2 protein chains.
Amino acid sequence: MEKTLVEIDKAAAVLKVLGDKTRLTIIGLIKDGECCVCEFVEVLQMSQPSVSQHLRKLRDTGLVKERRRGQWIFYSLNQEHDAFSIVESVLELIPDQMDKLKELENKGLRICCD
Amino acid sequence: MEKTLVEIDKAAAVLKVLGDKTRLTIIGLIKDGECCVCEFVEVLQMSQPSVSQHLRKLRDTGLVKERRRGQWIFYSLNQEHDAFSIVESVLELIPDQMDKLKELENKGLRICCD
DNA sequence: TGTGTATATAAGGATATACTTATATACTAA
DNA sequence: TTAGTATATAAGTATATCCTTATATACACA
């Protein structure tokens, strides 16, 4: 997988979007799979519009992909992103968020659509 | 070199500081050595207070170190930072800034203090 | 000591950010 | 079609950010 150089402006834009606790947690939550908006709302304990707005920033920079599945929209990491190597190194450094998804599952709130 | 986990808040703070074109350029300029404030001012074509304020953010998060040498203060990367791996992956991705230092040297504006 | 140079800090203003509440859109199922 | 659920967008507001100009601090040298 070739690594392309990324202009400073673009790299700065990516880092700025990643530089927020909420969005970083979202990235951590979809490290190994996808989540839908209502799952983020539950895990993050934030309002739905607020979560939507954070997801929009992630989507606008191309860091995440979305996939509609019935009434749900699932978000996942865009591993094709030019700056994905940054995302990877961030994910290696921050604590795993999987326990939060486990907790969701235990509460019966995990959305599964396969 | 052990890689420590970094809390989400701290990682977000680091990414936020890196998420600015000016500061990212500064990081690029000191990739392989140190620069003093007046060199940044010349390369970045920005006011001295503005540069100082950017350097302060980088210093406050611990991403750079400073070293006074006579009347000059030299800044360099803090390779001991918990999140240095992020800095490294960013530096691998963005274009080299060394040409700007070469240009400074050609204009006789490079400060050397050894 | 006084003057000049390098850097930092303070204060103020324009713009960006991250919430809020209200509303619109898209899909599902009766 | 209508009602309900999931998500997005709009508008407003408090706060943060990044610049500016003015001033303070630290050092060098005569």
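The sequence lines fix the lettering, A, B, ..., with proteins before strands; numbering per chain opens at 1. Computed from a prediction, not measured in an experiment: that's the story for all the values here.
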Tell me the interatomic distance from [X], atom [atom1], to [N], atom [atom2], rounded to whole angstroms.
| X | N | atom1 | atom2 | result |
| --- | --- | --- | --- | --- |
| B/Phe40 | D/dC19 | CZ | C1' | 19 Å |
| B/Asp60 | C/dA8 | CG | P | 11 Å |
| B/Glu66 | D/dC27 | CD | P | 12 Å |
| B/Trp72 | C/dA6 | CH2 | C1' | 9 Å |
| A/Ile111 | D/dT5 | CD1 | C1' | 11 Å |
| A/Arg67 | D/dA8 | CZ | P | 14 Å |

Counterpart residues, side-chain hydrogen bond (donor to acceptor under 3.5 Å, both in side chains), relative to A/Ser52 (two or more places apart): A/Gln48
Test side-chain hydrogen bond (donor to acceptor under 3.5 Å, both in side chains) applied to B/Lys102 - qualifying residues, sequence neighbours left out: none
Pairs where residues 50-65 of chain A contributes a residue and the test salt bridge (Lys or Arg N to Asp or Glu O under 4.0 Å) is met, not counting sequence neighbours: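 Sorted pair list: A/Arg56-A/Asp60, A/Arg59-A/Glu66.
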Any pair counted as salt bridge (Lys or Arg N to Asp or Glu O under 4.0 Å), so long as it reaches residues 8-28 of chain B, sequence neighbours left out: A/Asp9-B/Lys21, A/Lys21-B/Asp9, B/Lys10-B/Asp82
Between [X] and [N], is there a side-chain N or O to OP1/OP2 distance below 4.0 Å?
| X | N | result |
| --- | --- | --- |
| B/Ser50 | D/dC19 | yes |
| B/Ser47 | D/dT20 | yes |
| A/Tyr75 | D/dA6 | no |

Interface with DNA chain D, restricted to residues 51-59 of chain B and to heavy atoms under 4.0 Å: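 Within residues 51-59 of chain B, the residues near DNA chain D are B/Gln53, B/His54, B/Lys57.
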Contacting residues from residues 10-24 of chain A, given that a heavy atom lies under 4.0 angstrom of DNA chain D: none
Partners passing salt bridge (Lys or Arg N to Asp or Glu O under 4.0 Å) against B/Asp96 (at least two apart in sequence or in another chain): B/Lys31
Partners meeting side chain to side chain contact (heavy atoms under 4.5 Å, CB included) with B/Ala11 (sequence neighbours left out):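 Testing B/Ala11 for side chain to side chain contact (heavy atoms under 4.5 Å, CB included), a comparison that skips the adjacent residues, returns A/Leu24, A/Ile94, B/Val6.
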Those residues that, when tested against B/Val87, pass side chain to side chain contact (heavy atoms under 4.5 Å, CB included) (two or more places apart):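 In terms of side chain to side chain contact (heavy atoms under 4.5 Å, CB included), with neighbours along the sequence ignored, B/Val87 is linked to B/Leu18, B/Ile27, B/Leu63, B/Leu77, B/Phe84, B/Leu91.
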Which pairs, protein N/O on one side and nucleotides 23-30 of chain C N/O on the other, fall under 3.5 Å?
none

Atom pair OG1 (B/Thr22) and NE2 (B/His54), whose distance is rounded to the nearest 0.5 Å: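 Between atom OG1 of B/Thr22 and atom NE2 of B/His54 there are 4.0 Å.
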Point-to-point distance, once rounded to the nearest 0.5 Å, from OG of B/Ser89 to CG of A/Leu93: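 That separation rounds to 9.5 Å.
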Member of B/Arg67, B/Arg68, B/Arg69 meeting the salt bridge (Lys or Arg N to Asp or Glu O under 4.0 Å) criterion with B/Glu34: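 For B/Glu34, the salt bridge (Lys or Arg N to Asp or Glu O under 4.0 Å) check succeeds only for B/Arg67.
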Shortest non-hydrogen contact from A/Gly62 toward A/His81: O-CD2, 3.2 Å
